[in-house]
Amino acid sequence: MRHLISPMDFSVEELDELLNLATDIENNPNKYKDACKGKKIATLFYEPSTRTRLSFEAAMINLGGNVLGFSSSASSSVAKGESVSDTIKMISCYADICAMRHPKEGAPLVASTKSSIPVINAGDGGHQHPTQTLTDLMTIKSLKGRLDNLTIGLCGDLKFGRTVHSLINALVRYTNIKFVLISPSELRIPSYIREEVLEGNNVPYKEVTHMEDALPDLDILYMTRVQKERFFNEAEYIRLKDSYILDNEKMTLASKDMLVLHPLPRVNEISVEVDEDPRAVYFKQVQYGVYVRMALILTLLDIHIN
Ligand code: CP
């Protein structure tokens, strides 16, 4: 039995297979409509979500399966003090696979050690968000045609943004990837990612504070919101929350084929006027998230459709 806790749980070859499966699902949805008939996914969300929870549920429904779960800890027995370990033992009796989001880093990993069904990390604190990474990889591969030879700007809250941490972990394994890390000094990428993941893999990167300096050189601009829920000090959040606002004027500095991605939700780091720019692909990215989660469910349940 396999789980997905970190993007590193899949080799590059396995990621390629999964992305190819997701593309086949995109092109031939009818072929997969009964693939999970009789199967159930449990979505265990101890933190708010719109996209991740609903895209897992849409993915399972598209595969002919069913869904159950909770969308906040307040509406589950965790409010009475039940542990993650006990919860997952129950869920293993009710469902065939589960997706868990939790505010504590490592909670889905703990759950996976007690589970008799595959556990998918749907976001753990400020740590990792591997299924967002699968979504991001499919978006880049589908729209750019490659995952090699890319200069990628990551902009915003690089300290707490778990999507950024997972994406860097996944992309350092491809050829000729360069990163431009755009953040205020208070929200720099954590030192363990700089030292172990980037420098440890000899991946070139530079850190800048001005988005305008980076834009002309980028193939991909990955915007993120400042993660209000991870701050201990509200005044600090308010001071930093509008550090970067991408608008049409700044987009004139970028190349005509740079793509703008964002894991969403957006607050105001991308002006709505940018939505009309053909380079803004963050809503397409949401659709890719459903295909890639369908592929992931099939892969972890070891279901093969010819
Ligand atoms: N991208 C993402 O994780 O969105 P949600 O928080 O809405 O699930």
Side-chain angles (χ1 to χ4, degrees), residues 4-7 22 41-62 67 69-76 97-108 119-140 142-143 152 154-171 220-231 237 241 244 246 259-270 272 274-275 280-297:
L4 177 66
I5 305 301
S6 150
I41 187 167
T43 52
L44 314 178
F45 276 62
Y46 296 80
E47 256 195 352
S49 168
T50 297
R51 273 148 297 274
T52 311
R53 186 171 65 86
L54 297 182
S55 63
F56 267 117
E57 296 187 358
M60 190 48 129
I61 291 166
N62 291 348
V67 301
F70 53 82
S71 59
S72 75
S73 52
S75 63
S76 75
I97 186 167
C98 82
M100 175 184 284
R101 171 170 290 187
H102 202 286
K104 283 205 183 122
E105 301 187 358
V119 174
I120 300 167
N121 178 2
D124 60 329
H127 188 217
Q128 299 270 8
H129 193 344
T131 65
Q132 181 63 50
T133 297
L134 298 179
T135 302
D136 302 339
L137 295 179
M138 184 174 183
T139 305
I140 296 169
S142 299
L143 300 179
I152 298 158
L154 302 164
C155 179
D157 184 348
L158 308 187
K159 177 179 180 184
F160 296 119
R162 58 193 174 198
T163 62
V164 164
H165 304 164
S166 286
L167 187 57
I168 292 176
N169 265 290
L171 280 172
I220 306 285
L221 173 62
Y222 192 92
M223 294 295 294
T224 63
R225 81 187 159 92
V226 176
Q227 306 269 306
K228 181 180 184 184
E229 64 275 32
R230 313 269 175 238
F231 278 72
Y237 166 71
K241 73 184 175 64
Y244 302 101
L246 182 66
L259 298 180
V260 183
L261 277 69
H262 191 310
L264 304 179
R266 146 177 72 184
V267 185
N268 51 4
E269 58 281 354
I270 302 180
V272 290
V274 178
D275 297 358
V281 297
Y282 28 89
F283 292 114
K284 282 187 188 162
Q285 201 178 342
V286 172
Q287 182 63 60
Y288 288 124
V290 178
Y291 302 134
V292 90
R293 289 184 175 97
M294 289 169 74
L296 178 64
I297 290 169

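In listed order, ligands and their atoms are each counted from 1.
In this structure a side-chain-to-backbone donor-acceptor pair under 3.5 Å is missing from His262 to Val281. Between the Asp124 side chain and the Gly106 main chain, a donor and an acceptor come within less than 3.5 Å of each other. Looking at Asp157, its side chain does come within 3.5 Å of a backbone N or O of Phe160 through a donor-acceptor pair. Checking side-chain atoms of Ser142 against main-chain N and O of Thr139 turns up no donor-acceptor pair under 3.5 Å.
Compare Pro263, Gly289, Ser49 by their heavy atoms: the one nearest to atom 5 (P) of ligand 1 is in Ser49.
Between His129 and ligand 1, a contact under 3.5 Å exists for at least one N or O pair.
Atoms of ligand 1 lying under 4.0 Å from any heavy atom of Thr52, numbered from 1 in the order shown and given with element: 2 (C), 3 (O), 4 (O), 5 (P), 8 (O). Short contacts between ligand 1 and Thr50, defined as distances under 4.0 Å to a heavy atom of the residue, involve ligand atoms 5 (P), 7 (O), 8 (O). For ligand 1, the atoms closer than 4.0 angstrom to any heavy atom of Leu264 are 1 (N), 2 (C), 4 (O).
Note on ligand 1: Glu47 sits outside its first shell, no heavy atom being nearer than 4.0 Å.
At a 4.0 Å heavy-atom cut-off, ligand 1 does not touch Thr163 at all.
Under the side chain to side chain contact (heavy atoms under 4.5 Å, CB included) rule, Pro7 has a single partner from His129, Gln128, Gln132, which is Gln128.
At least one test fails for Arg101 against the ring of Phe45: distance under 6.0 Å to the centre or angle within 45° of the axis.
In this structure, atom 6 (O) of ligand 1 lies nearest to the protein heavy atom Arg101 NH1, 2.9 Å. The protein atom (non-hydrogen) at minimum distance from atom 4 (O) of ligand 1 is Arg51 NE, 3.0 Å.
Comment: Arg162 does not engage Glu229 in a salt bridge, judged by the lack of any side-chain N to carboxylate O separation of less than 4.0 angstrom.
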